[in-house]
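Here the structure is laid out as structure tokens; the discussion comes afterwards.
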Amino acid sequence: MAMINADELLPAERIRQAVVAGDITQLHRGDQHAEEGDRFEIDGVLFEVTTVREEQLGELTDEDARAEGSADLDAYKNRIERAHDITWDDSDTTVLHAFGQVN
């Protein structure tokens with residue numbers, strides 16, 4: 001377990017604020033940016049990474065999309081395609097980083 005910089009895992013201020021608000025509880029990234037048990041702090045609030053695993057985009061669900069701040073999987077797909085200028089391919093791999101607030 002290590003303290004990591006929140007900016008490394010959560011690349012945008014908008015995302016970091018949504019994490020503090022509880023609207024985002026996981027983030028898929030192209031590469032691994034943390035280990036299970038790593039902790040980070042945002043605005044004095046401490047979080048711990050609970051799950052890190054590789055997944056295929058085709059495995060993502062509406063629940064995953066909501067945990068990342070989207071209404072459903074279709075909205076998430078559209079957001080990812082626009083933000084990264086890609087075409088969604090269910091066979092592409094990504095790394096799930098799930099986290100929660102430490103009480």
Side-chain angles (χ1 to χ4, degrees):
M1 171 172 57
M3 282 298 292
I4 62 171
N5 185 334
D7 297 1
E8 293 296 318
L9 177 58
L10 310 166
E13 179 65 22
R14 170 189 64 75
I15 294 171
R16 292 188 292 278
Q17 292 309 307
V19 168
V20 171
D23 297 331
I24 293 179
T25 58
Q26 70 180 35
L27 193 68
H28 283 83
R29 302 285 312 266
D31 298 310
Q32 185 172 335
H33 290 266
E35 300 281 341
E36 290 181 8
D38 284 352
R39 292 182 171 196
F40 58 91
E41 187 176 318
I42 305 170
D43 297 339
V45 181
L46 186 62
F47 295 87
E48 183 171 317
V49 177
T50 57
T51 305
V52 177
R53 70 171 172 258
E54 190 171 282
E55 298 180 331
Q56 288 188 317
L57 290 177
E59 297 175 297
L60 274 61
T61 65
D62 283 333
E63 183 179 339
D64 288 310
R66 285 189 291 277
E68 296 202 27
S70 291
D72 58 28
L73 188 56
D74 285 336
Y76 180 73
K77 286 179 182 180
N78 290 334
R79 184 180 66 161
I80 294 302
E81 287 182 329
R82 281 191 324 270
H84 298 286
D85 194 28
I86 63 165
T87 300
W88 185 277
D89 181 339
D90 282 344
S91 67
D92 285 346
T93 58
T94 183
V95 180
L96 166 71
H97 301 80
F99 38 82
Q101 186 173 339
V102 175
N103 297 325

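Positions are given from 1 along the sequence.
A donor-acceptor contact under 3.5 angstrom links the side chains of Asp43 and Gln17, judged on distance only.
For the pair Glu68 (side chain) and His28 (backbone), a donor-acceptor distance under 3.5 Å is present. Side-chain atoms of Glu8 do not come within 3.5 Å of backbone N or O of Asn5 as any donor-acceptor pair. Proximity of a side-chain donor or acceptor of Asp64 to a complementary backbone N or O of Thr61 within less than 3.5 Å is detected. Thr94 places no side-chain N or O within 3.5 Å of a backbone atom of Leu57 that could act as its donor or acceptor partner.
Under the 4.5 Å side-chain heavy-atom criterion for ILVMFWY residues, a single connected hydrophobic cluster contains both Leu60 and Ile86. Both Ile24 and Val49 are assigned to one and the same hydrophobic cluster, defined by single-linkage of ILVMFWY side chains at heavy-atom distances under 4.5 Å.
Considering CD of Glu36 and NE2 of His97, their distance stands at 10.0 Å, rounded to 0.5 Å. Taking OG1 of Thr25 as the reference point, atom CZ of Phe47 lies at 10.5 Å (rounded to 0.5 Å). Between the CG atom of Leu73 and the CZ atom of Arg66 there is a distance of 9.5 Å, given to the nearest 0.5 Å. One finds the CZ atom of Arg16 at 7.0 Å from the CD1 atom of Ile42 (value rounded to the nearest 0.5 Å). Note that CG of Asp74 is 7.5 Å distant from CG of Asp62, once rounded to the nearest 0.5 Å. With values rounded to the nearest 0.5 angstrom, Asn78 atom CG is found 10.0 Å from Trp88 atom CH2.
Taking the six-membered ring where the residue is Trp, Phe40 and Phe99 present perpendicular rings, their angle passing 60° and hence far from 30°.
The heavy-atom pair separating Ala34 from Ile4 by the smallest distance is CB-CD1, 3.7 Å. Here the closest non-hydrogen pair linking Ala6 and Glu41 is CB-O, 3.8 Å.
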Open item on the list: Quick one, Met3 with Leu46, criterion side-chain contact (heavy atoms from CB on, under 4.5 Å). Give me CA distance, side-chain angles, the key distance, then yes/no.
Closed with: CA-CA 10 Å; Met3 282 298 292; Leu46 186 62; 4.1 Å; yes
- [ ] Please assess Glu81 against Thr87 for the test side-chain contact (heavy atoms from CB on, under 4.5 Å), listing each intermediate value before the final yes or no.
- [x] CA-CA 6 Å; Glu81 287 182 329; Thr87 300; 4.2 Å; yes
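Other residues, nucleotides and ligands contribute only 12 or fewer heavy atoms inside 6.0 Å of the CD atom of Glu63. In Asp85, the CG atom is not crowded: 12 or fewer heavy atoms of neighbouring residues, nucleotides or ligands sit closer than 6.0 Å.
Considering Leu9, Leu27, Asp38, Val95 as possible partners of His33, the one that fulfils the side chain to side chain contact (heavy atoms under 4.5 Å, CB included) test is Leu9.
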